[in-house]
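Below, each value reflects all heavy atoms present in this structure, side chains not excepted, and no hydrogens, waters or symmetry copies. FYI, the numbering just counts along the sequence from 1.
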Amino acid sequence: MSNRTMIKVVAIASVLLLAGCAETAAMLDATANQMCQQNPTPDCYDQGRL
């Protein structure tokens with residue numbers, strides 16, 4: 001495998017990884033919002049979820 005191909009593979013992998021992280025973060029955020037609506041805690045207010 002040439003250097004160029006290697007760089008492309010690494011670049012694509014890191015983009016996919018970042019996209020995955022952003023998606024996971026969004027899911028966790030949505031879950032936290034739901035939990036705050038069902039069971040409001042002081043933390044929910046501190047984080048501005050309510």
Side-chain angles (χ1 to χ4, degrees):
M1 204 156 41
S2 73
N3 266 356
R4 265 208 170 131
T5 315
M6 192 70 183
I7 290 170
K8 272 187 191 168
V9 168
V10 170
I12 291 169
S14 51
V15 166
L16 289 175
L17 204 74
L18 284 172
C21 287
E23 226 168 81
T24 306
M27 270 174 52
L28 288 175
D29 200 46
T31 307
N33 284 340
Q34 271 184 330
M35 283 172 59
C36 282
Q37 283 166 3
Q38 289 166 4
N39 182 19
T41 62
D43 282 344
C44 293
Y45 293 102
D46 290 346
Q47 294 166 10
R49 294 190 190 281
L50 289 170

Give every residue pair that meets the salt bridge (charged side-chain N to carboxylate O under 4.0 Å, His left out) criterion with at least one member in residues 30-47, sequence neighbours excluded.
none
Per the side chain to side chain contact (heavy atoms under 4.5 Å, CB included) rule, which among N33, N39, T31 passes with M35?
T31
Sequence neighbours left out, cut at 3.5 Å: what donor-acceptor pairs do the side chains of residues 8-29 make with other protein atoms?
{"residue": "S14", "atom": "OG", "partner": "V10", "partner atom": "O", "Å": "3.0"}
{"residue": "S14", "atom": "OG", "partner": "A11", "partner atom": "O", "Å": "2.9"}
{"residue": "T24", "atom": "OG1", "partner": "G20", "partner atom": "O", "Å": "2.8"}
{"residue": "D29", "atom": "OD1", "partner": "R49", "partner atom": "NH1", "Å": "2.6"}
{"residue": "D29", "atom": "OD1", "partner": "R49", "partner atom": "NH2", "Å": "3.2"}

